[in-house]
Amino acid sequence: MTADEDFVQGLNKLLDQLPKRYSLKQWQHVFSQAIYTVGMRALRSHPEIIVGPPRREWQAGPGQSPPYRPSGIPGLVCLIVPCPPK
């Protein structure tokens, strides 16, 4: 069994421990907490991929703007919430 399959099996065992008569509102709360927990774990594991590299000290000359720093956060949000097409 792979690590992913072990994870899913463990998750199913955890879900079996929940009360059998959860309301939709309760399921929505559990689901949102799970998504938040997994997202925070991913953020801690891969901050430079999700947020970008740490900012460096930067000094602008007259008429210069800071360098462009793309962020992975919008892409991560679009994985969870449907985003409009580009």
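The structure presented is a predicted model; accordingly, all values stated were derived computationally and were not measured.
- Looking only at side-chain heavy atoms (C-beta outward), His29 and Lys25 stay at 4.5 Å or farther from each other.
- Atoms CG and CZ, on Leu11 and Phe7 in that order, are 5.0 Å from each other to the nearest 0.5 Å.
- No chain of hydrophobic side-chain contacts below 4.5 Å, direct or via other Ile, Leu, Val, Met, Phe, Trp or Tyr residues, connects Tyr36 to Leu15.
- Counting only distance, with no hydrogens or angles, the side chain of Gln33 and the backbone of Val30 share no donor-acceptor pair below 3.5 Å.
- No chain of hydrophobic side-chain contacts below 4.5 Å, direct or via other Ile, Leu, Val, Met, Phe, Trp or Tyr residues, connects Leu18 to Ile35.
- With contacts defined as side-chain heavy-atom distances shorter than 4.5 Å, the pair Gln9/Asn12 does not qualify.
- In plain terms, the two heavy atoms of Arg21 and Gln26 that are nearest each other are O-OE1, 4.1 Å.
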